[in-house]
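Below is one structure, written out as structure tokens; the observations come after it.
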Amino acid sequence: MLQIGFIRQNAALVKERLSVKHFGDVLLVDKVIALDEQVRKLKVESETLQAEMNAASKAIGQLMGKGEKEQAELKKQEVTQHKSTLQQLSESLNLAEKQLQDAIILFPNLPHVSVPPGKTPEENEIVREGGLKPSLPSNAVPHWELIKKYDLVDFETGAKITGSGFPLYKGKGAKLQRALIQYFLDYNTAAGYTEYLPPLMVNEASAYGTGQLPDKEGQMYHAAADGFYLIPTAEVPVTNIYRDEIVKEADVPVKMTAYTPCFRREAGSFGSDVRGLNRVHQFDKVEIIQLVNPDKSYDVLEEMVRHVETLLNHLQLPYRILRLCGGDMSFTSALTYDFEVFSAAQQKWLEVSSVSNFESFQTNRMKIRYKNAEGKTQLLHSLNGSSLALPRIVACLLENNQTDAGIKLPPVLHAYYGNAIIR
RNA sequence: GGAGAGUUGACAGAGUGGUAUUGUAACGGCCCGCUAAGCCGUCAUCGUUGAGUCGGUGCAAAGGUUCGAAUCCUUUACUCUCCGCCA
């Protein structure tokens with residue numbers, strides 16, 4: 001959520017930045033400023049009246065104490081009269097505040113100055129590429145065939161148990177998942193992230209805090225009887241650990257990592273995008289999250305990008321890093337880097353990580369603050385990134401490393417998987 | 001699922017109808033050869049003012065009673081203890 005004080009003082013800038021994100025309703029800025037003015041005006045009126053009433057009430061107490069009952073009765077009547085005026089005033093105030101709140105919530109986060117102005121995924125900026133694209137033998141096949149060949153995942157039975165998009169990992173496939181999760185967590189904790197294993201369902205306040213509500217409601221599975229949402233990413237429960245907290249400055253930066261399954265309805269997806277492991281409703285992901293001093297958040301973003309990049313290098317996968325354009329960024333982000341790995345058999349780039357700086361957009365909703373050097377409470381900045389999402393990593397590992405003898409795993413995974421090759 | 005106790009500022013912890021006491025930590029200042037101690041101020045949040053001005057709100061949340069509610073009443077959430085059920 002944008003901060004009203006900032007909007008008030010930087011109306012022109014806010015409009016200009018919103019246009020980079022292709023936010024249609026620029027006039028909403030003016031509307032919000034007008035509503036804010038109205039709210040503050042009504043506040044002054046109602047507070048002045050309340051001050052009078054408080055003073056009168058206090059006087060009543062004193063008069064009663066002195067035994068001057070008649071005087072006290074007069075004062076009582078005075079207060080009673082004010083009361084109905086106040087009632088009306090506070091009704092208009094509440095209405096105006098609600099309208100203001102409802103309007104502010106519609107604003108996406110403002111994009112950082114380095115965000116390219118484009119609208120579609122094609123206009124994302126390629127920052128750099130790394131790793132080597134393999135030259136596959138002529139009989140190379142996509143991962144969904146390799147999965148069958150080595151009996152790693154049973155999509156049909158997963159569909160029987162639940163529905164399509166709920167993979168049933170099996171035997172070597174299940175062990176590979178566990179190996180990757182363990183490796184990613186070890187790699188993250190070695191870099192100073194504290195490991196968490198959070199609840200997989202969250203309440204409404206948490207979903208609102210990270211911005212899934214109200215913007216992405218349709219993307220989450222909802223357990224209506226209890227009002228809980230299945231998490232679409234570990235970002236939601238983990239960032240909310242610090243909701244409504246004032247963090248000690250000594251504890252900043254807060255660095256957290258968590259493995260969780262992620263649940264996404266992915267309504268509207270179809271075609272080759274959803275083949276095999278390309279897009280599923282339940283998948284495993286290891287996430288990194290940081291809460292940092294506002295002055296440092298862009299340095300930390302670069303640090304997190306390098307962290308993920310190193311991981312991909314260790315996995316020996318060809319990758320590229322994209323800086324997302326305004327139109328392709330998420331509602332809550334100020335700057336996002338996407339990581340894609342090259343799936344050699346599909347000849348396709350697949351997104352495996354998204355690293356974002358949310359600045360104070362999430363922390364303002366969650367009231368995650370710290371006391372700065374002057375002893376003043378201030379919002380922290382929040383960042384997160386996948387490190388890493390498993391299914392597409394698995395797809396690429398299988399496809400890019402296929403040989404007649406089996407799937408050759410990168411050395412970092414040998415000990416975790418317990419073998420150098422999947423046969 | 002049942003019963004009881006509880007929820008007060010960053011933390012600790014008083015306050016049973018008259019407008020949130022005190023301590024600790026933190027921050028700023030004074031003092032000081034240095035350190036410690038001590039002293040003064042700030043220390044939930046919002047509005048307002050030329051201003052360190054003035055005021056509002058705030059005691060888990062929402063509603064109610066009252067001139068006045070942390071305090072009384074109702075509902076809800078959460079925590080703890082015991083019982084029940086259970087991996």
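Residue numbering restarts at 1 for every chain, and letters A, B, ... go by the order of the sequence lines. As the structure is a computational prediction, the values presented were derived from the model and not from experiment.
Across all strands shown, U53(B) has no partner, as no Watson-Crick or G-U wobble contact with both distances under 3.5 Å is found. Base pairing of A5(B): its partner is U79(B), meeting the Watson-Crick or G-U wobble criterion (both donor-acceptor distances under 3.5 Å). In this structure C72(B) sits in a base pair with G64(B), meeting the Watson-Crick or G-U test at under 3.5 Å. A 3.5 Å limit on both hydrogen-bonding distances identifies no Watson-Crick or G-U partner for U48(B). If you check G38(B) for Watson-Crick or wobble pairing at under 3.5 angstrom, you find it paired to C30(B).
The residue among Lys58(A) and Ser46(A) whose nearest nucleotide of RNA chain B is located toward the 5' end is Lys58(A).
Looking at Asp186(A), Leu409(A), Leu180(A) one by one, the single match for side-chain contact (heavy atoms from CB on, under 4.5 Å) with Tyr416(A) turns out to be Asp186(A).
Separating the C1' atom of C30(B) from that of C80(B) is a span of 46 Å, rounded to the nearest Å. When the C1' atom is compared between A10(B) and A44(B), the two are found 10 Å apart, to the nearest whole Å. Nucleotides A26(B) and A36(B), compared at atom P, are 11 Å apart to the nearest Å. Comparing A70(B) with C59(B), their P atoms are spaced 7 Å from each other, to the whole Å.
Across all strands shown, Ile246(A) has heavy atoms under 4.0 Å from sugar-phosphate atoms exclusively, and none from any base. Contact annotation for Lys75(A): no contact, since no heavy-atom pair falls under 4.0 Å across all strands.
In this structure, Leu89(A) atom CG and U57(B) atom P are separated by 13 Å, rounded to whole Å. Rounded to an integer number of Å, the gap from CD1 of Ile60(A) to C1' of U19(B) is 13 Å. Distance, Lys41(A) NZ to C46(B) C1': 18 Å, rounded to whole Å.
Ring geometry for Phe263(A) versus Tyr221(A): interplanar angle over 60°, hence perpendicular rather than tilted (30 to 60°). Taking the six-membered ring where tryptophan is involved, the planes of His314(A) and Tyr187(A) are perpendicular, since the angle between them exceeds 60° and thus also 30°.
Counting only heavy atoms from C-beta on, Gln50(A) has its side chain closest to U57(B) among C67(B), U57(B), U48(B). Residue Thr377(A) has its side chain nearest to U45(B) when only G47(B), U45(B), G68(B) are considered. Here U48(B) is the nucleotide among C67(B), U57(B), U48(B) with the atom lying nearest to any side-chain atom of Arg40(A). Relative to the side chain of Lys43(A), the nucleotides U66(B), G47(B), U19(B) differ in distance, and G47(B) lies closest. Looking at the side chain of Thr80(A), the nearest of the listed nucleotides C67(B), U48(B), G56(B) is C67(B). Considering only the side chain of Arg369(A), A44(B) comes nearest among G55(B), C67(B), A44(B).
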